2 protein chains.
Amino acid sequence: MAKAERIRIYDVARVAGVSVATASKALNDTGRMTEQTRERVKQTAAALGFRPNAMARALTQQRSFTIGLLTNDTYGRFTLPVMAGVAEALVDQGVSVFLCGIEDDAALGQIHVDAMRDKQVDGIIAAGKRIDRRLPVDLSNLAIPVVYVFTEGPEDAITLVSDDEQGAREAVEWLVQLGRQRVVHITGPASFASVTARETAYRDVVGAGAQVLNGPWSEAWGHEAVAKLWDAEGPHPDGIFCGNDQIARGVVDALRERGVDVPGDVSVVGFDNWEIVAAATRPPLSTVDMNLKEMGREAGRLILQLAEGKAVPAGIRKLPCKLLVRQSCGSALRASHSNGEARLGI
Amino acid sequence: MAKAERIRIYDVARVAGVSVATASKALNDTGRMTEQTRERVKQTAAALGFRPNAMARALTQQRSFTIGLLTNDTYGRFTLPVMAGVAEALVDQGVSVFLCGIEDDAALGQIHVDAMRDKQVDGIIAAGKRIDRRLPVDLSNLAIPVVYVFTEGPEDAITLVSDDEQGAREAVEWLVQLGRQRVVHITGPASFASVTARETAYRDVVGAGAQVLNGPWSEAWGHEAVAKLWDAEGPHPDGIFCGNDQIARGVVDALRERGVDVPGDVSVVGFDNWEIVAAATRPPLSTVDMNLKEMGREAGRLILQLAEGKAVPAGIRKLPCKLLVRQSCGSALRASHSNGEARLGI
DNA sequence: CAGCTTTGATAAAACGGTTTCTCACACAGC
DNA sequence: GCTGTGTGAGAAACCGTTTTATCAAAGCTG
């Protein structure tokens, strides 16, 4: 099969016996003409396998059907699901996504933003890995719509973040519902906004007797925190709400090594639903899912609206988290909705 | 700051007092003119902040400075580093990357390939997660250069894969060098080409007394395999080469639970260098890194060559793996080169 | 049947660049 | 002084679409 010359609308018009203008209008369902003519052009185009040149089209219209996804988290745990959601929301509309990792590098960020502008993207989605940090790029005064996802944006921007407080509340309430009396919170560094948000919710639910341990976001810290708690005087906790899944995994491992039964003696809940960690924990970890993919979908929808010129009210939108119950809490009354078990290749 | 109208080359020409043609030639370092004129145009362009419209440029030239990255592994462990490498190799050349996840879905794949063609990408990189599986898309007869990475391509294609045999050989030789006498191999399903490649190398090095256990690619299988080995009669292994890091982590955990010292009694090596698993294992896991990022870089370089019309010989290129020594083997004589500790956010 | 409106289709002008061709001019050679 | 030659610059064509303006023919109206 010869690599055929690409068919242009000119060819379609010639074969269909009409002018280029008519062909264009027929294919785009615009303008006026006999239904018969329109149909003939369409069939000719289909028969010839005509596909319009997106560059030429973008030049005349004001749309390139292209958006830029700028991310800090190349290509980490947070941006990944977001990307998947964005792509999912846009593929139906024929919109393609430029992926640009900027790695906390302002210069690199500028390069990518410039490249995006040159390539006339219809919008930019800026995605991060912390909701209390800005990306090292200036996207204001850009004449291109911008949506911020899981990162801090300017005051008057459209920003999508997770509702950490609500997620944490659900998790802790679940532990309390299970009858746990002494629930502690082992979490990350207090410098993170999500840490304080989750902690606030935790204290709200637990009330007096709240106990929070801050440390690094690591399995090792989970071990260490358990050691602290169990080596201390007095009654041990019977419920542990962890700031993320890595800490939770460390906690569960440490408890097992001490002969403490999870979920028999202690219920443990994590945060993030990082499948690879949560599903491999023994027993599998109950955890809070931030619905990052849905966040991506929503970002895609919003940027599309903006690209089409529709107005979207600015402000911060918190998207709800969802508690995902596995086996680390016991008594799984709540439906599991195990959405997507880890598909682990080699 | 008003969102200024975009500066066109027309504006540059007018301000510089030359024709559009001259301006274009000045900026692209083509054509003939006084060095003085050229410089004046360039300075005018810089002063005005002129940036050429990539769409318009792509229409006349035959380059869109855009490539498509088609991946099966949305957005998993293998494609991620590959993407990073690709992007790194291309950003300097002003080439942007369309990321398209196709999820083993032929229809979705076709949609994305069509979208790429419409958008006139200069090349396509097809990346997978298994070197013995094809992507569910037909990229032959495409009139656009294609490079296959970490996936099986057509016979006459340009394909980049990891050299599993060499990597496995290095790992096992390292165990033997350390004085390990009874090295076993716990690995994934035999249906994977990489499993047989690694096994072949293992048997080559170990010779008589080789023992291979196949199972799923999971931590659980690591536990199970250790149980089988240690519950059996006769002397226990003193070296274990694992088919991936998850299995290795299961093995190390299982050994610790049995009171077997790693690396004192047994040396363990994994495969993949999946930081989040390998670095969190206690002790941190020695493992084989497949250099996926370098594979991505090479793919980027190749696709660039092809896009520029240069010929590149077809065939399968195996890129070497690198043994990364951490603490699960003992006696770390070999330099560690711990390239990039896990940067774990919240 | 003259005058007006609607209809179907087209020619031509964008879009924002690059590239090919043409041309005026200065300069050297005879 | 006339011709050839290189040089700097610009006019115009082109890339492949969309869109606007135009127009002939047909259909109505009174």
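Everything quoted here is computed from the prediction, not taken from an experiment. Chain A is the first sequence line, chain B the second, and so forth, proteins listed ahead of strands; every chain is numbered from 1.
For B:Leu135 against B:Ala126, the heavy-atom pair with the smallest separation is CD2-CB, 3.9 Å. For the residue pair A:Ser162 and A:Phe150, the shortest heavy atom distance occurs at OG-CE1, 3.6 Å.
Heavy-atom contacts from other residues, nucleotides or ligands closer than 6.0 Å to NZ of B:Lys318 number 12 or fewer.
DNA chain D is contacted by A:Phe50, A:Arg51, A:Pro52, A:Asn53, A:Ala56, A:Arg57, A:Thr60 of residues 50-60 of chain A, taking any non-hydrogen atom closer than 4.0 Å. Proximity of residues 31-40 of chain A to DNA chain D (heavy atom under 4.0 angstrom from any strand atom) is not detected for any residue.
A nucleotide of DNA chain D counts as in contact with chain A when one of its atoms lies under 4.0 Å from a heavy atom; the first and last such, 5' to 3', are D:dG16 to D:dT20.
One interatomic measurement links the two molecules: CD of B:Gln62 to C1' of C:dT19, which rounds to 14 Å at whole-angstrom precision. Distance, A:Lys25 NZ to C:dA12 C1': 12 Å, rounded to whole Å. One atom, CZ of B:Phe65, and another, C1' of C:dG17, lie 13 Å apart when rounded to the nearest Å. Look at CZ on B:Arg6: it is 15 Å from P on C:dC15, rounded to the nearest Å. In this structure, CD of B:Gln61 is placed 17 Å from P of C:dG16, rounded to the nearest angstrom.
Looking at B:Glu88 and B:Lys293, a side-chain N of the basic residue comes within less than 4.0 Å of a carboxylate O on the acidic one, giving a salt bridge. Salt-bridge annotation for B:Lys42 and B:Asp29: present, with a side-chain N of the basic residue lying under 4.0 Å from a carboxylate O of the acidic one.
Defined by atom type and a distance below 3.5 Å, a donor-acceptor pair is missing between the side-chain atoms of B:Asn28 and B:Thr30. Residues A:Asn53 and B:Asp118 have side chains that never bring a donor and an acceptor to within less than 3.5 angstrom of each other. There is a side-chain donor-acceptor pair under 3.5 Å between B:Ser96 and A:Lys119.
Side chain of B:Thr71 to backbone of B:Asp73: a donor-acceptor contact under 3.5 angstrom is found.
In this structure, A:Leu142 and A:Val113 have side chains that are in contact, with non-hydrogen atoms separated by less than 4.5 Å. A:Thr159 is listed as a side-chain neighbour of A:Val161, based on a closest heavy-atom distance under 4.5 Å.
Between A:Val18 and B:Ser24, the residue anchored closer to the 5' end of DNA chain C is A:Val18, taking for each the nucleotide with the nearest heavy atom.
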